[in-house]
Amino acid sequence: MRNWLIKSEPSDYSLADLQADKVAIWDGVRNYQARNFLREMEVGDRLFYYHSNTKPPGIVGLATVTKANVVDPTQFDAEHKYFDPKSTPEKPRWQTVEIAYDKTLAEMITLTQLKEAFSPDDFAVVRRGNRLSVMPVADDIATQLLEMGGV
DNA sequence: GCCAACGTTGGC
DNA sequence: GCCAACGTTGGC
């Protein structure tokens with residue numbers, strides 16, 4: 001079981017939205033590095049759910065991978081914001097995963113706290129200018145995050 | 001709202 | 001293949 005961090009703008013799709021939906025396809029990722037991480041995910045992997053572009057940004061809860069290697073359906077929909085004209089059902093460019101809500105932290109772990117606890121070398125999310133929306137989380141960092149989040 | 005970071009596009 | 005222009009992300 002591996003640990004990952006996934007980012008979402010809460011105005012777009014928040015952890016509360018996932019809680020309401022219970023399960024969701026993590027669609028819309030159009031960055032190759034992020035997609036490559038999505039391809040590596042396996043059922044049962046733990047996801048730290050991070051709210052970006054909000055005040056304050058930080059980790060708000062946990063989710064779980066429920067289906068691996070899901071073809072992102074939005075890439076074929078010409079009406080959709082995430083339509084990719086260069087992708088075909090025979091040769092899809094964008095894979096993702098299905099995720100399920102797990103839990104909401106009693107208190108979020110803010111980016112400020114993350115910066116205090118971890119170095120940019122160890123945890124990409126605290127790196128200045130970091131824009132990656134899906135990234136791996138090392139086991140020891142995951143353990144500390146669970147502690148910090150009171151899980 | 002500003003702007004740094006950085007990925008992508010497209011001309012050459 | 002280089003690189004300038006452009007668009008997006010996301011913290012502040």
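All values reported here derive from a predicted model rather than from experimental measurement.
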Next on the checklist: So, OP1 or OP2 of dT8(B): does either fall under 4.0 Å of a side-chain N or O from Lys86(A)?
Outcome noted: no

Next on the checklist: Using a 3.5 Å distance criterion without hydrogens, assess whether the side chain of Thr104(A) forms a donor-acceptor pair with backbone atoms of Gly61(A).
Outcome noted: no

Checklist entry - Between the main-chain N or O of Leu15(A) and the side-chain N or O of His51(A), is there a donor-acceptor pair closer than 3.5 Å? => result yes

Donor-acceptor list for residues 128-151 of chain A side chains, cut-off 3.5 Å, not counting sequence neighbours:
| unit_1 | atom_1 | unit_2 | atom_2 | d |
| --- | --- | --- | --- | --- |
| Asn130(A) | OD1 | Leu132(A) | N | 3.3 |
| Thr143(A) | OG1 | Asp139(A) | O | 3.0 |

Next on the checklist: Short of 4.0 Å, heavy atom to strand atom, which residues of residues 50-58 of chain A count as contacting DNA chain C?
Outcome noted: Tyr50(A), Ser52(A), Asn53(A), Pro57(A)

Next on the checklist: List the residues meeting salt bridge (Lys or Arg N to Asp or Glu O under 4.0 Å) with Arg93(A), not counting sequence neighbours, and say none if there are none.
Outcome noted: Asp84(A)

Checklist entry - Strictly under 6.0 Å, is that where the ring centroids of Phe37(A) and Trp26(A) end up? => result no

Item to check | side chain to side chain donor-acceptor pair (under 3.5 Å) evaluation trace for Thr74(A) with Asp72(A) | outcome: CA-CA 6 Å; Thr74(A) 62; Asp72(A) 184 339; 2.6 Å; yes

Next on the checklist: Measure CD/Gln33(A) against C1'/dT8(B) and give the value in whole Å, please.
Outcome noted: 14 Å

Checklist outcome for this item: Taken to the nearest whole Å, CG/Leu132(A) to P/dT9(C) is 13 Å

Checklist entry - For Phe48(A), does its backbone N or O pair with a side-chain atom of Asn3(A) as donor and acceptor, under 3.5 Å? => result no

Next on the checklist: What's the angle between the local helix axes at either end of the helix from dG1(B)-dC12(C) to dC12(B)-dG1(C), using five pairs per end and rounding to 10 degrees?
Outcome noted: 10°

Item to check | First of Tyr32(A) and Asn130(A) reached from the 5' end of DNA chain B, by closest nucleotide | outcome: Asn130(A)

Next on the checklist: According to salt bridge (Lys or Arg N to Asp or Glu O under 4.0 Å), who are the partners of Arg46(A), at least two apart in sequence or on a separate chain?
Outcome noted: none

Item to check | Arg127(A) (side chain) donor-acceptor with Pro120(A) (main chain) under 3.5 angstrom | outcome: yes

Please list, for nucleotides 3-7 of chain C, all pairs of protein and nucleotide N/O atoms separated by less than 3.5 Å.
| unit_1 | atom_1 | unit_2 | atom_2 | d |
| --- | --- | --- | --- | --- |
| dG7(C) | N2 | Arg131(A) | NH1 | 3.4 |

Checklist entry - Gly129(A) or Arg30(A): which one's nearest nucleotide on DNA chain B is closer to the 5' end? => result Gly129(A)

Checklist entry - Please give, in whole Å, the distance from dG11(C) C1' to Arg128(A) CZ? => result 9 Å

Checklist outcome for this item: When rounded to whole Å, the CG to C1' distance for the pair Asn31(A) and dG10(C) reads 14 Å

Next on the checklist: Using modelled atom types and a 3.5 Å cut-off, is there a donor and acceptor pairing between side-chain atoms of Gln75(A) and backbone atoms of Ser87(A)?
Outcome noted: no

Item to check | Atom-pair distance (CD on Gln113(A); C1' on dG11(C)), nearest Å | outcome: 16 Å

Item to check | Tyr49(A)/Trp4(A) aromatic ring centres below 6.0 Å | outcome: no

